[in-house]
Amino acid sequence: MKALVLAGGFGTRLRPLSCTRPKILFPILNKPLLYWMLEKMKANDVDEVIMAVNRQTAFQIKQSKLQKSDIKISYSFDPPGKPLGTGGPVKRAEKLLRNDDFLALNGDIFTDINYAELMKFHKKVGAIATIALHKVDDPSRYGVAELADDGRILRFIEKPTAKMAPSNLINAGVYAFNPKIFEYIPKGRKVSMEREVFPKLSEQGALYGYVHDGLWSDIGEVKEYLQINLYMLSLYSCDTCAPKHFDNVELKKPVLIDDKSFVGNDSIIGPNVILGSKVYVGRNVQIRNSVIMSGVEILDNTVIDGAVIGENVKIGRNVKINERCIIGDYAIIGDNVFLGEGVSICPAKEVLESISSAIFNAKCW
Ligand code: GDD
Ligand code: MG
């Protein structure tokens with residue numbers, strides 16, 4: 001089975017962390033999302049993956065050294081500077097996919113959906129497109145389906161207002177397509193699968209839904225990204241999640257600390273902390289409910305609570321970083337700085353003075 005992964009677009013809701021990495025390479029438990037997706041694909045009969053990306057993302061995926069998996073990976077590029085939406089990239093990969101039913105996956109979804117079962121259902125009902133559906137409390141941020149008893153989707157509405165949503169079943173961003181799908185996608189322009197193609201298919205009775213009620217998360221917003229990391233961490237908690245060589249360090253489970261990281265005396269790490277590779281933590285530091293990416297340096301007496309810290313950030317002494325702060329890669333936070341709730345710092349920015357929360361939230365410093 002072949003799979004097309006949609007991994008272009010801008011990831012605007014994950015800025016400033018997405019300024020420097022595509023969503024598909026955001027780490028979950030210290031491994032890129034794409035790693036988890038490839039593992040799942042391998043376990044679900046996928047032997048060839050086509051990544052629909054821009055050139056920058058392809059470059060970063062190659063740099064990430066994920067290539068050495070048993071699955072063949074090839075790339076299908078959006079035209080430079082012209083993102084094609086969710087439909088255009090499918091049409092563009094037609095030559096690679098037109099021989100058989102195939103999977104298509106949004107590249108920002110962490111889930112345990114069984115792709116092989118989805119494909120089986122899709123073939124059994126003879127659909128042109130089958131959408132994996134997932135139940136959520138607030139469907140208004142997603143595509144929403146009205147599902148009939150025979151599995152047909154009677155209506156598909158992308159991001160309806162809460163009042164207009166026909167159900168709580170949302171498009172999980174995981175699809176099985178028959179090659180006939182290509183006839184429904186106009187060539188050479190930006191196309192929204194959700195606004196142009198799915199509504200048409202549902203009118204024709206050719207769109208089906210496959211309900212999934214397990215693990216599902218769109219990491220496209222920072223809150224969700226942090227949440228799925230900490231949720232996975234809670235499942236993963238074990239004795240060997242941290243190197244054994246720390247003295248006088250209090251580890252409050254669950255924590256995951258890469259072997260190549262160091263934590264100084266009298267520091268308290270956890271609960272709910274992930275430290276990536278080569279993180280240096282000084283003395284008397286406290287970190288809670290946070291994801292710290294690789295190469296970060298955190299000096300003595302600093303407190304971090306509920307934040308996401310990008311790669312290679314340098315944080316000085318006596319710093320306080322509060323809930324929902326997001327620090328872009330390579331930023332420098334000087335000694336004694338206080339960052340109030342929800343402050344975002346741009347990549348490589350040097351911050352030497354405190355920034356309080358509230359009204360500044362909308363801005364990236
Ligand atoms: N190659 C390419 N080119 N990929 C793109 C482009 C593009 O121009 N634009 C978006 N994508 C990819 C994104 O990287 C992402 O993996 C996927 O298409 C969906 O785009 P998002 O921007 O993340 O959309 P969304 O999260 O608002 O909504 C979509 O996902 C929801 C589930 O999380 C829709 O499919 C909704 O219907 C769905 O419920
Ligand atoms: Mg998304």
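Order of appearance sets the numbers: ligands from 1, and atoms from 1 within every ligand.
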With a 4.0 Å cut-off, would you call E39 and K42 a salt bridge? yes
Ligand 1 to P89, heavy atom cutoff 4.0 Å, flagged ligand atoms 1 (N), 2 (C), 3 (N)
### Sidechain N-carboxylate O distance under 4.0 Å for R21, E311
yes
Ligand 1 to K159, heavy atom cutoff 4.0 Å, flagged ligand atoms 25 (P), 27 (O), 28 (O)
The Mg ion (ligand 2) -> D218, closest N, O or S atom is OD2
* **Under 3.5 Å: N/O of R141 near N/O of ligand 1** => no
Sidechain N-carboxylate O distance under 4.0 Å for R141, E224
yes
Answer key: the N, O or S atom of D108 nearest to the Mg ion (ligand 2) is OD2
Problem set entry | K40, NZ: over 12 other non-hydrogen atoms inside 6.0 angstrom | yes
Atoms of ligand 1 under 4.0 Å from any heavy atom of Y175, numbered from 1 in the order shown, are 35 (O)
request  = Would you check if I170 and V136 make a side-chain contact, meaning some heavy-atom pair closer than 4.5 Å?
outcome  = yes
At under 4.0 Å between heavy atoms, what of D108 touches ligand 1? The answer is both
Atoms of ligand 1 under 4.0 Å from any heavy atom of D218, numbered from 1 in the order shown, are 26 (O), 32 (C), 33 (O)
*Do E94 and K91 sit within salt-bridge range, that is, some charged N less than 4.0 Å from a carboxylate O?*
yes
Quiz item: Does a side-chain heavy-atom distance below 4.5 Å link I345 with I355?
Solution: yes
May I ask you to check if ligand 1 and A52 share an N or O to N or O distance below 3.5 Å? yes
Among N106, V53, V90, closest by heavy atom to atom 29 (C) of ligand 1 is N106
Check: Is the closest N or O pair between G143 and ligand 1 shorter than 3.5 Å?
Finding: yes
